[in-house]
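Every chain is numbered from 1, with letters handed out A, B, ... down the list of sequences.
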Amino acid sequence: MSTTAPRPHPGLTEERLAWLLERLVAHHGEQHWWPAETAFEVLVGAILTQNTAWSHVERAMEQLRVAGLLDPVALIEADPEEVATAIRPAGYFNVKTRRLRNLCITYLQEGCMEGMQLQRTEALREKLLAVNGVGRETADDILLYAFHRPVFVVDAYTRRILQRLGWIQGDEGYERLRGGVEAALGPNTAAFNELHAQIVALGKDTCRPTPRCPDCPLNAACAHAAGDAAGPAA
DNA sequence: CTCCGGTGGG
DNA sequence: CCCACGGGAG
């Protein structure tokens, strides 16, 4: 029947993911994402945070707010140079200016939050992906954190952490990993919300490119901390 | 695979 | 000083 839904990932079990979420919440406390004022700001933040630290996004958002540009119509009608200047701290300011504009146009065409909320998740996802500048992760950020749909967001941190744990290979496709987590935890918006936020926190603070395993709340069960790091290392 | 990019941390 | 950052498009 479904040709788009990948089969569940064997290494991603409900037990493991529930354990992961519990351990991370115990270590960081609840993250209660998304850190934005309004649902529209979630869409803006989702573009601005592409390959960019959130601290820089916050400054860009504040400058948009001050300039009166934190509004879909204002963003579309504004001089692109003014938008680019406002979001400069977030980097990629020229591409992101175009992407914000593209997203705002679709947002208005689709009837803003009210109109889009009426659509089924898969249809809405396709509409978001059709926007130039919105890829799978950005679309899923929006679906989960603005529309509260039970969609799990896979990012670079997710891959790195799950791979080091030894639960996945690491080269699986995006949809495979998303589907794997979703199948294991069931359609649970609150769990997907918190798990992704916790994964980001761990990826930033502990499970970094050079991992700080001694400080990691997962090290007792982690293949990487146990020394199973892949590669020809001695 | 390459480009887009300012900013804070190591 | 270098590098990594809630990615995506051409």
Within residues 37-58 of chain A, the residues having a heavy atom closer than 4.0 Å to DNA chain B are A:N51, A:T52, A:H56

Looking only at B:dC4, B:dG6, B:dG10, the nucleotide nearest the A:R212 side chain is B:dG10

Validation: residues 20-27 of chain A side-chain donor-acceptor distances under 3.5 Å, sequence neighbours left out:
| from | atom 1 | to | atom 2 | distance (Å) |
| --- | --- | --- | --- | --- |
| A:R23 | NE | A:P217 | O | 3.2 |
| A:R23 | NH2 | A:P217 | O | 2.9 |

A:R98 atom CZ is separated from B:dC3 atom P, nearest whole Å, by 16 Å

What residues 128-160 of chain A contributes to the DNA chain B interface at heavy-atom separation below 4.0 Å is none

Contacted region of DNA chain C by chain A, from 5' end to 3' end of the hits, cut-off under 4.0 Å to heavy atoms, spans C:dA4 to C:dG10

Sequence neighbours excluded, the answer for side-chain contact (heavy atoms from CB on, under 4.5 Å) partners of A:V66 is A:E62

**Message:** So A:K96, base contact, sugar-phosphate only, or nothing? Heavy-atom distance under 4.0 Å.
**Reply:** nothing

Do A:L185 and A:L195 make a side-chain contact, defined as non-hydrogen atoms from C-beta onward lying under 4.5 Å apart? yes

message: I'd like the P distance from B:dT2 over to C:dG6, given in whole Å.
response: 23 Å

Residues passing the side-chain contact (heavy atoms from CB on, under 4.5 Å) test with A:R212, sequence neighbours excluded, are A:T206, A:R208, A:D215

Residues at least two apart in sequence or cross-chain that pass side-chain contact (heavy atoms from CB on, under 4.5 Å) with A:R99, listed by chain then number, are A:I47, A:Q50, A:V95

Requested in this report: Look at all strands and tell whether A:A197 reaches a base, only sugar-phosphate, or nothing, counting heavy atoms closer than 4.0 Å.
Outcome: nothing

A:L118 meets the side-chain contact (heavy atoms from CB on, under 4.5 Å) criterion, sequence neighbours left out, with none

For A:H28, the side chain to side chain donor-acceptor pair (under 3.5 Å) test, sequence neighbours excluded, returns A:Q198

Whole-Å distance, A:R99 CZ to B:dC4 C1', equals 8 Å

Residues pairing under salt bridge (charged side-chain N to carboxylate O under 4.0 Å, His left out) where one sits in residues 106-116 of chain A, two or more places apart or in two chains, turn out to be A:E110-A:K127

Quick one: side chains of residues 147-155 of chain A, donor-acceptor pairs under 3.5 Å with protein atoms, not counting sequence neighbours, listed by atom name and distance.
| from | atom 1 | to | atom 2 | distance (Å) |
| --- | --- | --- | --- | --- |
| A:R149 | NE | A:Q117 | OE1 | 3.1 |
| A:R149 | NH1 | A:Q119 | O | 3.0 |
| A:R149 | NH1 | A:T121 | OG1 | 3.0 |
| A:R149 | NH2 | A:Q117 | O | 2.8 |
| A:R149 | NH2 | A:Q117 | OE1 | 2.8 |
| A:R149 | NH2 | A:Q119 | O | 3.0 |
| A:D155 | OD1 | A:Y157 | N | 3.4 |
| A:D155 | OD1 | A:T158 | N | 2.9 |
| A:D155 | OD1 | A:T158 | OG1 | 2.5 |

Checking A:R178, A:R176, A:E172 against A:H9 for side-chain hydrogen bond (donor to acceptor under 3.5 Å, both in side chains), the one that qualifies is A:E172

For residues 78-86 of chain A, dump all side-chain donor-acceptor pairs below 3.5 Å to protein atoms at least two apart in sequence or in another chain.
| from | atom 1 | to | atom 2 | distance (Å) |
| --- | --- | --- | --- | --- |
| A:D79 | OD1 | A:E81 | N | 3.0 |
| A:T85 | OG1 | A:E81 | O | 2.8 |

